[in-house]
A.B. asks: 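Here it is: the structure, laid out below.
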Protein chains: 2
Amino acid sequence: MTETPATPARLDTLVRCLKTRGCRITPQRVAVLKIILNSAQHPSAEEIHARVQVDYPMTSLATVYKTLALLKDMGQVTEISLGHSGSRYDGHPADPHSHLICLKCNRIFDADIPALAALPQSVQQSTGFTITHQRFDFFGICSECQNNPTSIT
Amino acid sequence: MTETPATPARLDTLVRCLKTRGCRITPQRVAVLKIILNSAQHPSAEEIHARVQVDYPMTSLATVYKTLALLKDMGQVTEISLGHSGSRYDGHPADPHSHLICLKCNRIFDADIPALAALPQSVQQSTGFTITHQRFDFFGICSECQNNPTSIT
DNA sequence: TTTACTGCAAACGATTTGCAGTCCC
DNA sequence: GGGACTGCAAATCGTTTGCAGTAAA
């Protein structure tokens with residue numbers, strides 16, 4: 001279970017990266033960036049939208065999606081598609097990690113499993129696949145939900 | 001890269017399992033079962049539908065989805081949701097394996113990676129999560145697509 | 001005969017797109 | 001001032017659902 005603390009330096013990096021692309025830095029966009037970077041819990045587009053609206057009530061969901069698309073494109077955000085109930089967004093794809101997905105409270109925790117680091121390499125050799133990226137998800141019930149009979153969310 | 005040969009015995013098992021549930025054995029349903037069991041490449045609902053229609057042209061997509069839902073419910077089929085372009089279906093969830101997903105031809109291959117077998121257990125202990133199931137996906141380009149510049153599909 | 005299943009069409013829900021107006025740079 | 005961005009509403013698209021008719025048991 002890993003905390004993902006806010007990293008102001010990373011926000012600067014993303015802003016600079018956007019500018020380089022010729023993208024403009026709008027308040028809505030910055031708000032989305034901050035929310036994603038500060039979220040350890042991998043929010044959904046709807047959740048991001050709700051949180052942006054606290055500061056910018058006019059912000060539309062479409063804008064959130066467009067910003068997310070941009071970030072995905074830059075490789076700065078990973079989409080965790082869950083099939084049902086849409087996708088969740090991971091603002092820290094750089095260091096590879098697994099996801100622990102709680103089926104009760106729907107939160108997604110990061111897990112650092114060192115053993116997985118060597119895997120792509122060995123799979124690549126044994127299968128002939130050229131592996132670009134991977135995804136390791138564990139589904140189950142988090143420790144909090146095991147203790148509390150009522151869901152937390 | 002694993003072949004998944006047809007297993008008539010498994011068809012019988014599923015049919016029996018359905019009967020036990022009070023479900024009826026219709027031609028369309030059997031067709032879907034056979035296609036899933038004989039597919040090593042994890043077809044989409046649309047693909048299954050197209051293949052069923054070869055023998056039963058009247059079959060609707062809704063029926064395919066309903067049968068898939070039934071099989072998922074029985075734990076006999078796993079849904080591999082890819083976010084974009086819908087889900088794919090794995091008729092061999094019993095023995096746990098990873099998926100090698102080719103980003104070019106969109107085929108999904110099975111990979112048996114022994115190292116992963118012990119993972120759930122150890123993750124469970126180190127995180128306090130109760131893990132019910134997991135999913136290991138490797139994304140990249142399959143060896144065929146690396147050799148052929150034109151996609152195969 | 002019973003009632004689960006089928007096919008159709010309409011509904012759904014997350015995501016996307018087109019467009020006219022806005023406002024970063 | 002120009003063009004990227006925004007917000008809105010409509011469009012998409014895979015999947016689900018409701019329902020009247022059909023057929024497995």
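Below, read A as the first sequence line, B as the second, and so on, with proteins coming before strands; counting in each chain starts at 1. Both backbone and side-chain heavy atoms feed into the values below; hydrogens, waters and symmetry mates do not.
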A.B. asks: Looking at the side chain of A/A62, which of D/dC8, D/dG2, D/dT17 is the nearest nucleotide?
C.D. replies: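 That would be D/dC8.
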
A.B. asks: Measure the angle between the two terminal helix axes of the helix from C/dT1-D/dA25 to C/dC25-D/dG1, five base pairs each, and quote it to 10°.
C.D. replies: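 The helix from C/dT1-D/dA25 to C/dC25-D/dG1 shows an end-to-end axis angle of 40°.
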
A.B. asks: Could you tell me the separation between the CG atom of A/L18 and the P atom of D/dG3, rounded to a whole number of Å?
C.D. replies: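 These atoms are roughly 20 Å apart.
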
A.B. asks: Take atom CZ of B/R21 and atom C1' of C/dT3, then tell me their distance rounded to the nearest Å.
C.D. replies: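 It is 17 Å, rounded to the nearest whole Å.
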
A.B. asks: Hey, is the side chain of B/R29 poking within less than 4.0 Å of OP1 or OP2 on C/dT6, counting only N and O atoms?
C.D. replies: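 The answer is yes; a side-chain N or O of B/R29 sits under 4.0 Å from OP1 or OP2.
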
A.B. asks: Does the A/E79 side chain pair with the main chain of A/L68, one donor and one acceptor, at a distance under 3.5 Å?
C.D. replies: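 A pair under 3.5 Å: no.
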
A.B. asks: If you only use heavy atoms from C-beta on, which nucleotide in C/dC5, C/dG7, C/dT16 is closest to the side chain of B/C23?
C.D. replies: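 Between C/dC5, C/dG7, C/dT16, the one nearest the side chain of B/C23 would be C/dC5.
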
A.B. asks: Any donor-acceptor pair under 3.5 Å linking the side chain of B/T67 with the backbone of B/R29?
C.D. replies: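 Not at all, since once roles are kept as given, no pair shorter than 3.5 Å links the two residues.
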
A.B. asks: Between C/dT15 and A/S87, is there an OP1 or OP2 to side-chain N/O distance shorter than 4.0 Å?
C.D. replies: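 Answer is yes, contact under 4.0 Å.
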
A.B. asks: Side chains of A/T78 and A/R135: donor-acceptor distance under 3.5 Å anywhere?
C.D. replies: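 There is no such pair (donor and acceptor under 3.5 Å, judged by atom type) between the side chains of A/T78 and A/R135.
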
A.B. asks: In terms of the nearest nucleotide of DNA chain D, which residue is placed more toward the 5' end: B/G86 or A/T59?
C.D. replies: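 Here A/T59 is the residue nearer the 5' end.
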
A.B. asks: Can you tell me if B/T63 touches the phosphate of C/dG7, counting only side-chain N or O atoms and a distance under 4.0 Å to OP1 or OP2?
C.D. replies: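 The answer is yes; a side-chain N or O of B/T63 sits under 4.0 Å from OP1 or OP2.
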
A.B. asks: Whole Å only: how far is the OH atom of B/Y65 from the C1' atom of C/dC8?
C.D. replies: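 Roughly 16 Å, once rounded to whole Å.
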
A.B. asks: How many Å lie between CZ on B/R24 and P on C/dT2, as a whole number?
C.D. replies: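 The distance from CZ of B/R24 to P of C/dT2 comes to 12 Å, rounded to the nearest Å.
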
A.B. asks: For the pair made of NE2 in B/H49 and C1' in D/dT16, what is the distance, rounded to whole Å?
C.D. replies: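 From B/H49 NE2 to D/dT16 C1': 15 Å.
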
A.B. asks: Choose from D/dT15, D/dT6, D/dC8 the nucleotide whose nearest atom is closest to any side-chain atom of A/T26.
C.D. replies: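 Looking only at side-chain atoms, A/T26 lies closest to D/dT6.
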
A.B. asks: Between A/E46 (CD) and C/dT16 (P), how many Å, whole number?
C.D. replies: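 Taking atom P of C/dT16 as the reference, CD of A/E46 is at 13 Å.
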
A.B. asks: Of all the choices, C/dC25, C/dT17, C/dA14, which nucleotide is nearest to the side chain of A/K66 once you look at every atom?
C.D. replies: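 Closest nucleotide to the A/K66 side chain: C/dT17.
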
A.B. asks: Of all the choices, C/dT15, D/dG18, D/dT15, which nucleotide is nearest to the side chain of B/A45 once you look at every atom?
C.D. replies: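 My answer, after comparing the listed nucleotides, is D/dT15.
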
A.B. asks: Quick check: does any side chain N or O of A/H92 sit under 3.5 Å from a backbone N or O of A/A40, one acting as donor and the other as acceptor?
C.D. replies: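 Checking the backbone N and O of A/A40 against the side chain of A/H92, no donor-acceptor pair under 3.5 Å is found.
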
A.B. asks: Is any side-chain nitrogen or oxygen of B/Q28 closer than 4.0 Å to OP1 or OP2 of C/dG7?
C.D. replies: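 The answer is yes; a side-chain N or O of B/Q28 sits under 4.0 Å from OP1 or OP2.
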
A.B. asks: Between A/Q28 (side chain only) and A/T59 (backbone N and O only), is there a donor and an acceptor less than 3.5 Å apart?
C.D. replies: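 The answer is no, because no donor-acceptor pair under 3.5 Å joins these two groups.
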
A.B. asks: Calculate the interatomic distance between B/M58 atom CE and C/dC5 atom C1'; express it in whole Å.
C.D. replies: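 From B/M58 CE to C/dC5 C1': 14 Å.
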
A.B. asks: Please tell me which of the listed nucleotides, C/dC25, D/dC8, D/dG14, lies nearest to the side chain of A/I25?
C.D. replies: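 Of C/dC25, D/dC8, D/dG14, C/dC25 is nearest to the side chain of A/I25.
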
A.B. asks: Mark yes or no for whether B/R88, through its side chain, and B/N106, through its backbone, hold a donor-acceptor pair below 3.5 Å.
C.D. replies: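 Between the backbone of B/N106 and the side chain of B/R88 there is a qualifying donor-acceptor contact (under 3.5 Å).
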
A.B. asks: In sequence, state the C-alpha distance, the side-chain angles, and the governing distance for A/L71 and A/L33, and then conclude on side-chain contact (heavy atoms from CB on, under 4.5 Å).
C.D. replies: CA-CA 9 Å; A/L71 293 171; A/L33 288 183; 3.4 Å; yes

A.B. asks: Round to a whole Å and report the spacing from CG of A/L68 to C1' of C/dT17.
C.D. replies: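 Nearest whole value for this atom pair: 16 Å.
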
A.B. asks: Do any N or O atoms from the side chain of A/Q76 and from the backbone of A/G91 form a donor-acceptor pair under 3.5 angstrom?
C.D. replies: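 Pair absent, no side-chain N/O of A/Q76 close to backbone of A/G91.
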
